[in-house]
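The first residue in the sequence is number 1, and the count goes up from there.
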Amino acid sequence: MKGMKPFVVEILAGMALMGISFLMADQYYANMVFSMGFGVMAAAIAQMLRAAYWKNPKRQKAYEAKKQEAYIDRVDERKQYLRMKSGHIAYQIMALLLLVLSFVLALAKVEWWIIGMTFLLFIFQWVVGLVAFRMLEKKM
């Protein structure tokens, strides 16, 4: 039960959010808070069931093998390189997508603040990538 304490706390937080939603006057925000509470609660229950499934003594051998494989995957240099490369590709695709989206929204004559917001997301992503690169460059 000691390992389940965070999940119980999350379930209680989800229930609290669901209860708070009934006290809200604006139905739009009440639905949003209720949905967030339900999502937190459902995720915690799913994780509790997953943990209980793998803690079963019958599955202990398979669980240990799974943990060992996950450890090897974490420390394997090839897998680390593949994760970094996939993150880099995702970064490039997202940057291109944000620029194209800004252009398409401009062609569609969408309000200026929406176009500006998508372009600022591109700028933000670029700056975060640059800062992360500089920090990693100094670290290594």
Side-chain angles (χ1 to χ4, degrees):
M1 187 63 185
K2 187 177 184 181
M4 300 290 180
K5 188 176 181 180
F7 301 129
V8 173
V9 171
E10 286 181 25
I11 290 171
L12 293 174
M15 293 172 92
L17 284 172
M18 291 171 72
I20 289 170
S21 72
F22 292 117
L23 303 174
M24 298 178 80
D26 189 0
Q27 192 63 34
Y28 177 78
Y29 294 116
N31 287 340
M32 193 181 302
V33 171
F34 183 85
S35 299
M36 286 182 353
F38 182 78
V40 167
M41 194 170 74
I45 290 171
Q47 288 297 324
M48 276 181 74
L49 293 175
R50 183 176 155 265
Y53 176 83
W54 284 110
K55 295 228 186 217
N56 188 334
K58 291 188 287 186
R59 294 180 193 87
Q60 199 62 34
K61 198 173 201 179
Y63 180 60
E64 291 300 324
K66 184 178 173 180
K67 279 184 11 181
Q68 181 65 25
E69 184 179 334
Y71 173 76
I72 291 170
D73 285 346
R74 274 195 315 271
V75 297
D76 182 23
E77 291 89 6
R78 181 178 169 272
K79 300 262 175 140
Q80 288 176 347
Y81 172 76
L82 290 174
R83 281 192 295 272
M84 285 190 290
K85 187 70 174 170
S86 66
H88 178 70
I89 291 169
Y91 170 80
Q92 289 177 329
I93 290 170
M94 214 44 219
L96 181 65
L97 182 70
L98 284 169
L99 283 176
V100 169
L101 180 63
S102 295
F103 181 70
V104 168
L105 290 174
L107 289 178
K109 297 181 181 177
V110 175
E111 292 188 39
W112 67 269
W113 63 272
I114 296 174
I115 299 167
M117 201 165 44
T118 57
F119 188 72
L120 285 175
L121 282 172
F122 164 73
I123 299 293
F124 176 73
Q125 182 180 6
W126 179 74
V127 168
V128 167
L130 188 67
V131 168
F133 176 78
R134 298 286 184 220
M135 287 173 60
L136 288 172
E137 188 178 37
K138 289 178 183 177
K139 191 182 215 183
M140 294 182 168

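The cluster map of Ile, Leu, Val, Met, Phe, Trp and Tyr, joined by side-chain heavy atoms under 4.5 Å apart, puts Val127 and Phe124 in different clusters. Cluster annotation: Leu121 is connected to Val131 through the hydrophobic network of ILVMFWY side chains, with a link wherever side-chain heavy atoms come within less than 4.5 Å. In terms of hydrophobic clustering, with Ile, Leu, Val, Met, Phe, Trp and Tyr side chains grouped at heavy-atom distances under 4.5 Å, Leu49 and Met41 are assigned to a common cluster. Cluster annotation: Val100 is not connected to Met117 through the hydrophobic network of ILVMFWY side chains, with a link wherever side-chain heavy atoms come within less than 4.5 Å. Placement of Leu23 and Met36 in two distinct hydrophobic clusters is found when ILVMFWY residues are connected by side-chain heavy-atom separations under 4.5 Å, directly or transitively.
For Gln68, the side-chain hydrogen bond (donor to acceptor under 3.5 Å, both in side chains) test picks out no residue, with sequence neighbours left out. Qualifying side-chain hydrogen bond (donor to acceptor under 3.5 Å, both in side chains) partners for Gln27, counting only residues two or more places apart in sequence or in other chains: Asn31. Listed by chain and residue number, Met24, Asp26, Met32 satisfy the side-chain contact (heavy atoms from CB on, under 4.5 Å) test with Tyr29 (two or more places apart in sequence, or in another chain). Not a single ring-ring contact (aromatic ring centres under 6.0 Å, His included) links Phe133 to another residue, sequence neighbours left out. Every ring-ring contact (aromatic ring centres under 6.0 Å, His included) that Phe122 has, sequence neighbours left out, goes to Phe119. Applying the side-chain hydrogen bond (donor to acceptor under 3.5 Å, both in side chains) criterion to Trp112, with sequence neighbours excluded, gives no partner residue. For Ser102, the side-chain hydrogen bond (donor to acceptor under 3.5 Å, both in side chains) criterion is met by Thr118, not counting sequence neighbours.
Identified under the salt bridge (charged side-chain N to carboxylate O under 4.0 Å, His left out) test for residues 40-49, with sequence neighbours left out: none. Applying the salt bridge (charged side-chain N to carboxylate O under 4.0 Å, His left out) rule to pairs touching residues 109-134 yields Arg134-Glu137, sequence neighbours excluded.
For Trp54, the CH2 atom is densely surrounded, since the number of other residues' heavy atoms within 6.0 Å is greater than 12.
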Donor-acceptor pairs are to be reported for all side-chain atoms of residues 8-17 against protein atoms at under 3.5 Å, with residues two or more places apart or in another chain.
none

Side-chain atoms of residues 56-65: list all donor-acceptor pairs with protein atoms under 3.5 Å, sequence neighbours left out, distances to 0.1 Å.
from	atom 1	to	atom 2	distance (Å)
Asn56	OD1	Lys58	N	3.1
Arg59	NE	Tyr53	OH	3.2
Arg59	NH1	Tyr53	O	3.2
Gln60	NE2	Glu64	OE2	3.4

Contacts under 3.5 angstrom, residues 85-96 side chains, donor-acceptor by atom type, not counting sequence neighbours:
from	atom 1	to	atom 2	distance (Å)
Ser86	OG	Leu82	O	3.2
Ser86	OG	Arg83	O	2.9
His88	NE2	Gln92	NE2	3.0

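Taken from CG in Leu97 to CD in Gln125, the straight-line distance is 9.5 Å, to the nearest 0.5 Å. Of the inter-residue distances, the one linking Phe103 atom CZ with Ile115 atom CD1 reads 11.0 Å to the nearest 0.5 angstrom.
For the pair Met4 and Met48, the tightest heavy-atom approach, listed with the atom from each and the gap, is CE-O, 3.8 Å.
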